Amino acid sequence: MVQLGDLSWKIPGRIARLEELAYNLWWSWHPEARELFRNLNYVLWRVGGHNPVKQLRETAPERLQQLAADEVFLALYDAVTARFDVEVLAEKTWFEAQYAGMLKGPIAYFSMEFAIHSSLPIYAGGLGILAGDTCKEASDLGVPFVGVGFMYPQGYFRQHISAAGTQEEIYRQIDFDEAPIKRVLTRDGKKLLAKVPLGKSTVSLAAWVVKVGRVEVYLLDTNLPENSVQHRQLSARLYVADPEVRLQQEIVLGMGGVRVLRALGLHPAVWHANEGHTAFMTLERIKEEVEAGLPFREAVQKVRSSTIFTTHTPVPAGQDIFEADLVSGYLSEYSRLLGVDLKECLKLGQMPGSDGRLFNMAALAFRMSEQHYGVSRIHEGVSRRMWHVLWPDVPEDAVPIGHITNGIHAPSWVASEMRELYEKYLGMDWLERHDDPALWEKVMDIPDAELWDARRILRHKLINGVDELAQRAWATNDVEANQLAAVGALLHPEVLTIGFVRRFAEYKRPTLIFRDVERLKRIVRDPFRPVQFVFAGKSHPADFASKELVSRVFGMAMDREFMGRVAFLEDYDMHMAHYLTHGVDVWLNTPRRTNEACGTSGMKAVLNGVLHLSVLDGWWDEGYNGSNGWAIGEVVKPPTNEEEDRADAESMYRILERDVVPLFYMRDRQGIPHGWVRMMKESIRTLAPKFNTRRMMREYIECSLTPVCRAAKR
Ligand SMILES: *Cc1c(COP(=O)(O)O)cnc(C)c1O
């Protein structure tokens, strides 16, 4: 049970369901629903971070009365609620039609982070975006699905660039009253509680629920008066650096998450571990089976057969690994409950080749799941190589790891300008069929002038938005006079705009484009065919090498000779991701080969007609066809990092000089670059139908419910 009706006292009966709509993030991927809340108070909408809960709380009762008598508002309200009823409440769904009765319970999806909307900042990057997009797609398809994660009161940090040009981390407390979450209560109205043993003590857990269309995501919370100060802090922040706190978080998420689902009376049929962080959920379920009378081995088998694991990490350094000695302290009690000795228990997560000294969460997840997937074709191969040690008796190409390439939730990431074009030329029902390649053939029917017009509008929106940010930073003394160009105040809305926008990590090589500064200056400063670069992205607070990269890029943006042609936007988040993936002309991606497991931001860009310029890694290796964007360098990885950098930088400069810049500026008398638009169409036509969560979710469902697909995927 969930508490309801906090705000109902002031909302007139005629529009009473505004509260239900505000507390369901379904609104975030429905433009008419967004418009409804924007209409309450436009200024508040903008300054309050597009947050309907805040809108409803702060809108005066008189204003609501007025709207309840406004014909135009009421027509919109009725349309939105009708749509909501069909999409969220109706029983007829794709899943029901295809798989009625095949799942005996929901799919439980565990993830350390969920990026559902920027008003709920409990995510750091791509892993969270994938989790959020997956929930939205599950709702759209009617897949029975519950999420389990954490409600971090401080979320992830906000990034500020100091006067010295370095990243500073600011942690702000999320105001729970303004967040689209509700406390989970028991049937008799009390706070729902679960307990988890943590070493020698016990932690109490409560939960919050966020609604994502049909899907509910339960967010755990340890900040309770019944817990010690230290335990109250456990769920304060995402990705803490201290290994012991991290381990405790993962125990709480995995084991505690199962207990919270049980307290809710839920019996999932499939358990999905999104990355190794969540793997302790398998131990809790084994414990349940043992307590119910199954011998340990059989319990393990039963748990394995209902568990899916998706690995996201292509490099050993990215794995979640703990000292086995540290883990022992927390598993000794559990091993007793499992009826095995501690050694046996530790073996489940033993890192191969570590003589039992290290406990690896991904190893645990692989051993405890029957189906395991990488997130792109390349990543499948990399994972087989990396994890061959777990299946030493089979050849590498028979290691049972498949792949399901990630996707993006199209309705969430498509710009309204593009949505309108797709409605006009692909049909009003395009979203219902957006994973059908035949549908996208109709992109060829869009007149060049209209498609180009949409592109220009989106670029103007981006540059105007950047201007506004720069002005706000100036007005609030957050930026020095000499930094105004660096934060984007001098960008121009008609200049070819290239975005490098992603988490700053060494392997993504954010500074590769600066390898030959003079050559880059010649490119961006061309008086007739100028180019501008927009950078944005956070570094992990403990990753000092990557923080250096932020400073280096910011320093370049400060260089007078770049004349405002290079900008760094601080505090990249989901909201900014929308502007950027819609507004730039080219999306630049330069990971070291095999390090980008999949990547999804480029998929958001191509859906909006942005062209992709990328190393052939992650999803781009599956997407690139020679004429739907550009590939940097060769497929084969050069023998050393230095050679890879040299070759890729050279390739990138050449593509910019010979292909990208001339194609963009080759205009007809109306100013339309037909060659560029042709490439946009080819990009949308070939990539949009495949790189979305609809295709991805269907593959997951097929694979978890039909053995044939499962066999093929291996
Ligand atoms: C899409 C997205 C990501 C993932 O980007 P990659 O380029 O795949 O790493 C990260 N952060 C935000 C805010 C996003 O919107």
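Every number for a ligand or one of its atoms is a count from 1 in the order of the listing. Worth saying up front: this structure is predicted, and the values here are computed from it rather than measured.
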May I have the step-by-step check of salt bridge (Lys or Arg N to Asp or Glu O under 4.0 Å) for R552 and E548, ending in yes or no? CA-CA 6 Å; R552 172 110 201 280; E548 275 302 312; over 6 Å; no

Compute whether any side-chain donor of one residue and acceptor of the other, for T310 and Y700, lie under 3.5 angstrom apart. yes

Are side-chain heavy atoms of C703 and Q371 found at a separation under 4.5 Å? yes

Mind checking what residues have non-hydrogen atoms under 4.0 angstrom from ligand 1? G125, G126, I129, W413, R502, K508, Y572, D573, M574, A577, G599, T600, S601, K604

Judged by modelled atom types alone, do T686 and N628 share a side-chain donor-acceptor pair under 3.5 Å? yes

If every non-hydrogen atom of A362 is compared with every non-hydrogen atom of F309, which pair is closest and at what distance? O-CE2, 3.9 Å

Salt bridge (Lys or Arg N to Asp or Glu O under 4.0 Å) evaluation trace for E35 with R38: CA-CA 5 Å; E35 196 184 328; R38 197 184 303 125; 5.2 Å; no

